[in-house]
Undergrad: 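Below is a structure I'd like to ask you about.
Just so you know, these numbers use all the heavy atoms, side chains as well, and skip hydrogens, waters and symmetry mates. Letters A, B, ... mirror the listed sequences (proteins, then strands); counts begin at 1.
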Amino acid sequence: MATLYGRVSSGNIVQQVSRIRCCHGSTSVTRNSSRSLHQSNKKISNLIRNGRLREARAMFDSMRHRDTVTWNSMISGYVHRREIAQARKLFDQMPQRDIVSWNLIVSGYFSCRGSRFVDEGRELFDLMPQRDCVSWNTVISGYAKNGRMDQALKLFNAMPERNVVSSNAVITGFLLNGDVDAAVDFFKAMPERDSASFSALVAGLVRNGKLDIAAGILRECEIEDEGMDLVHACNTLMAGYGQRGQVEEARRLFDEIPDNRVVGDEDKRRFRRNVVSWNSMMMCYVKVGDIVSARELFDGMVEHDTCSWNTMISGYVQISNMDEASKLFREMPSPDVLSWNLIISGFTQNGNLNLAKDFFERMPYKNLISWNTMIAGYEKNENYKGAIGLFSQMQLEGERPDKHTLSSVISVCTGLVDLYLGKQIHQLVIKSVLPDSPIDNSLITMYSRCGAIADACNVFNEIKLYKDVITWNAMIGGYASHGFAAEALEIFKLMKRLKIHPTYITFISILSACAHAGLVEEGRAQFKSMINDYGIEPRVEHVASLVDILGRQGELQEAMDLINTMPFKPDKAVWGALLGACRMHNNVELAIVAAEALIKLEPESSAPYVLLYNMYANLGQWDDAENVRVLMEEKNIKKQTGYSWVDS
DNA sequence: GTAGGGTTAG
């Protein structure tokens with residue numbers, strides 16, 4: 001049965017909207033209960049602010065009296081979490097909607113990505129019984145953020161009363177679309193600016209890489225807009241310099257902002273450095289690894305906020321100075337989740353899983369990043385069992401894995417060569433994550449490492465989003481390692497046709513494919529093409545394959561010359577390839593050279609001895625063969641499994 | 001309880 005005010009979700013929406021009244025709370029409650037209602041509302045909004053939406057909802061459900069503010073608070077909680085369906089449900093259920101309720105639900109739709117939601121939000125805006133400035137600005141900024149500048153501008157021009165907020169949203173919109181000139185022109189023509197206008201402009205310019213334009217405007221306006229608080233804008237520009245490693249530029253700007261530690265107002269400009277200025281400058285130093293300068297700033301600050309401590313800690317974590325990092329962690333007054341996460345990731349980077357786990361278990365509150373850090377830590381340190389254990393524990397505790405979690409767990413499957421588990425995780429990926437190239441890439445690697453080249457191929461073919469170099473490398477590498485040289489070369493051709501630039505890793509796979517398939521001329525040609533067409537410097541891995549290729553063809557001298565002339569030290573793969581070729585072509589002379597080199601690199605390995613022994617035996621030189629065996633015994637080298645004295 | 005801008009992170 002329809003209530004007095006109707007339900008917006010069903011029936012003729014326009015008729016129902018006309019019945020909706022705007023009220024401000026209930027008037028029929030006593031003074032006492034209205035006071036407690038006010039208290040409850042406050043509690044709910046506090047819970048929501050602290051991200052405890054579930055508890056807020058439980059409280060909401062248990063309340064006997066609710067007013068419009070109660071409903072609105074709850075809706076805002078869902079809007080914040082982008083749970084638009086839940087928000088809409090409440091909106092439809094609430095007995096009385098005021099203009100805030102409408103603004104909330106419209107903003108909810110616009111902050112969900114996707115044109116379906118944007119259009120729905122607009123539809124609701126058109127249905128609103130009345131609109132205020134906030135309503136208009138919500139929609140303008142909503143359109144701007146979703147790349148629909150034409151509609152944003154249409155509304156901007158149509159709105160009855162503009163304010164600075166509307167204009168600031170337009171600036172942000174232009175810059176999100178990369179329209180730098182339009183943004184600057186619009187900004188200069190604005191009848192009124194506030195500090196947020198500057199922040200929006202500078203932030204957008206920095207995002208578009210126009211740091212010089214931003215610096216110029218700040219300089220110009222310092223005079224023009226005297227008294228304006230430009231510290232936010234300066235901080236943003238500083239951070240922009242830092243992101244690009246331009247520490248000197250950042251420092252110059254930092255030094256230009258009047259020092260907040262100086263007492264007495266010598267400077268005419270009102271704004272001063274704030275904590276964020278110090279933090280940003282510190283971050284610049286941390287980014288380039290200048291920990292000494294960062295620490296100097298840290299010690300010179302008048303007040304530290306949590307971010308200052310965390311930035312400093314992350315600096316020490318970056319240079320693996322865990323003593324100093326944990327010292328700061330102990331000293332800081334109130335570590336937050338990020339501080340804990342930083343310490344944990346620091347310990348895992350240093351291979352200290354026990355300490356990391358220790359901290360992880362002592363955390364007062366974990367978030368998704370905590371779990372991801374710990375799982376990735378286990379994976380990187382090849383403690384696969386630990387990683388899997390945590391993965392199931394996190395799900396038991398109700399934390400939903402995201403793409404970072406799944407990517408770590410896929411790597412675990414790769415490390416364990418566990419196809420069964422890998423397929424399960426793949427199902428989970430399909431269910432829970434949007435298309436993502438890094439995930440697809442690691443799936444390809446996982447499948448091919450597990451020997452399931454057909455599955456790898458399926459993932460590769462079904463990629464809808466975008467195949468990057470890593471995708472191609474993974475697939476080519478998969479084919480190469482399974483001996484499918486023709487397929488590897490085929491998709492390599494396709495990749496080049498699509499103008500994807502190969503990397504040195506691509507050529508490692510290509511050359512090894514050629515070597516294993518005995519494609520001598522192809523291999524030579526690819527090696528040359530790598531250098532001449534793609535300007536990629538050969539590495540030792542490439543040379544190893546080329547030696548292999550040449551050796552198989554019997555060009556042992558050419559292979560030896562290549563080894564002698566290459567600009568880096570040959571490794572065991574290079575000598576191993578040569579030795580194998582010598583064995584194939586019965587060249588004892590070079591075999592001795594290769595074997596000796598291998599023995600020098602790996603004195604405890606039996607493989608070179610065994611190969612030499614077999615060669616002599618094959619040639620009937622039993623005395624020499626016996627010498628090798630005796631030598632092995634003298635050096636106490638045990639034959640490893642997998643090698644046979646009796647060659648086929 | 002609703003609209004625009006800034007620093008930290010796996």
Undergrad: Side chain of A/Lys145 only, heavy atoms from C-beta on: which candidate in B/dA9, B/dT7, B/dG4 is closest?
TA: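 Comparing B/dA9, B/dT7, B/dG4 against the side chain of A/Lys145, the answer is B/dG4.
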Undergrad: Verify the ring-centre separation between A/Phe156 and A/Trp136: is it less than 6.0 angstrom?
TA: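 Centroid distance A/Trp136-A/Phe156: not below 6.0 Å, so no.
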Undergrad: Please examine the side chains of A/Met190 and A/Asn168, heavy atoms only from C-beta on, and report whether any two atoms are closer than 4.5 Å.
TA: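 A side-chain contact under 4.5 Å exists here.
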Undergrad: Calculate the interatomic distance between A/Arg81 atom CZ and B/dT2 atom P; express it in whole Å.
TA: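 My rounded result for the distance is 15 Å.
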Undergrad: Across the strands shown, which category fits A/Asn367 at heavy-atom distances under 4.0 angstrom: base, sugar-phosphate, nothing?
TA: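 Answer is nothing: A/Asn367 stays at 4.0 Å or more from every strand.
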Undergrad: Using a 4.0 Å cut-off on heavy atoms, which residues in residues 150-187 of chain A reach DNA chain B? List them by number, or say none.
TA: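 Hits under 4.0 Å, by residue number: A/Asn163, A/Val165, A/Asn168, A/Thr172.
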Undergrad: Strictly under 6.0 Å, is that where the ring centroids of A/Phe125 and A/Trp102 end up?
TA: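 No, the ring centres sit 6.0 Å or more apart.
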Undergrad: Categorize A/Ala376 for me: base, sugar-phosphate, or nothing, with a 4.0 angstrom heavy-atom threshold over every strand shown.
TA: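 No contact.
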Undergrad: In terms of side-chain heavy atoms of A/Asn372, which of B/dA9, B/dG4, B/dG10 is nearest?
TA: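 Of the candidates, B/dG10 comes closest.
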Undergrad: Find the distance A/Asn381:CG to B/dG10:C1' and express it as a whole number of Å.
TA: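 Taking atom C1' of B/dG10 as the reference, CG of A/Asn381 is at 15 Å.
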Undergrad: If you check the A/Ser76 side chain, which of B/dT7, B/dT2, B/dA3 turns out closest?
TA: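 Output: B/dT2.
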Undergrad: Students often get this wrong, so: under 4.0 angstrom with heavy atoms, is A/Ala196 touching a base, only sugar-phosphate, or nothing?
TA: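 The residue A/Ala196 makes base contact.
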Undergrad: Please evaluate residues A/Trp371 and A/Phe391 with respect to the criterion ring pair (Phe, Tyr, Trp, His ring centres under 6.0 Å), reporting the C-alpha separation (whole Å), side-chain torsions for both, the decisive distance (0.1 Å), and the verdict.
TA: CA-CA 8 Å; A/Trp371 289 98; A/Phe391 180 60; 9.9 Å; no
Undergrad: So, using salt bridge (charged side-chain N to carboxylate O under 4.0 Å, His left out) as the criterion, who are the partners of A/Arg52 when residues are at least two apart?
TA: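 Residues passing salt bridge (charged side-chain N to carboxylate O under 4.0 Å, His left out) with A/Arg52: A/Glu55.
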Undergrad: Check every strand shown and say whether A/Ser314 touches a base, only sugar-phosphate, or nothing at a heavy-atom separation below 4.0 Å.
TA: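 Result for A/Ser314 = nothing.
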Undergrad: Give a yes/no on whether any side-chain N or O of A/Ser141 is located under 4.0 angstrom from OP1 or OP2 of B/dG4.
TA: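 Yes, such a contact exists.
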Undergrad: What is the distance from CG of A/Asn274 to P of B/dT8, rounded to the nearest Å?
TA: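 About 14 Å, once rounded to whole Å.
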Undergrad: Without decimals, in angstroms, what is the distance between A/Ile140 CD1 and B/dG4 P?
TA: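 These atoms are roughly 11 Å apart.
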Undergrad: What is the nucleic acid contact for A/Asn341, judged by heavy atoms within less than 4.0 Å: base, sugar-phosphate only, or nothing?
TA: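 Nothing, no nucleic acid heavy atom in range.
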Undergrad: Which nucleotide wins on minimum distance to the side chain of A/Asn279, given the candidates B/dT8, B/dG10, B/dT7?
TA: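 Of the candidates, B/dT7 comes closest.
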Undergrad: Of all the nucleotides listed (B/dT2, B/dG10, B/dA9), which has the minimum atom distance to the side chain of A/Asn103?
TA: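 Nearest listed nucleotide: B/dT2.
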Undergrad: What do you reckon, are the aromatic ring centroids of A/Phe91 and A/Trp71 less than 6.0 Å apart?
TA: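 No; A/Trp71 has its ring centre 6.0 Å or more from that of A/Phe91.
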Undergrad: Between A/Ile84 (CD1) and B/dT2 (C1'), how many Å, whole number?
TA: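 Atom-to-atom, A/Ile84 to B/dT2, this comes out as 13 Å.
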Undergrad: Given B/dT7, B/dT2, B/dT8, identify the nucleotide with an atom nearest to the side chain of A/Val276.
TA: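 Between B/dT7, B/dT2, B/dT8, the one nearest the side chain of A/Val276 would be B/dT7.
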Undergrad: Rounded to the nearest Å, what distance is computed from the CE atom of residue A/Met374 to the P atom of nucleotide B/dG10?
TA: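 So the CE-P distance, A/Met374 to B/dG10, works out to 15 Å.
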Undergrad: Could you tell me how far apart A/Met312 (CE) and B/dT8 (P) are, to the nearest whole angstrom?
TA: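 Going from CE in A/Met312 over to P in B/dT8 covers 15 Å.
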Undergrad: Under the side-chain hydrogen bond (donor to acceptor under 3.5 Å, both in side chains) rule, collect the residues that match up with A/Asp436, sequence neighbours excluded.
TA: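 With sequence neighbours excluded, A/Asp436 shows a side-chain hydrogen bond (donor to acceptor under 3.5 Å, both in side chains) to A/Lys403, given in chain and number order.
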Undergrad: Any base atoms under 4.0 Å from A/Arg49, or only sugar-phosphate, or nothing? Heavy atoms, all strands.
TA: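 Result for A/Arg49 = sugar-phosphate.
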Undergrad: Roughly how many Å is it from CD in A/Gln243 to P in B/dT8, rounded to a whole number?
TA: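 Nearest whole value for this atom pair: 6 Å.
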Undergrad: Have a look at A/Leu218 and tell me which of A/Leu205, A/Leu201, A/Val202 forms a side-chain contact (heavy atoms from CB on, under 4.5 Å) with it.
TA: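 That would be A/Val202.
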Undergrad: Side chain of A/Ile369 only, please: which of B/dT7, B/dG6, B/dG10 is the nearest?
TA: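 Of the options given, the side chain of A/Ile369 lies nearest B/dG10.
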Undergrad: A/Ser280 has a side chain; which of B/dT8, B/dT2, B/dT7 sits nearest to it?
TA: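 Looking only at side-chain atoms, A/Ser280 lies closest to B/dT7.
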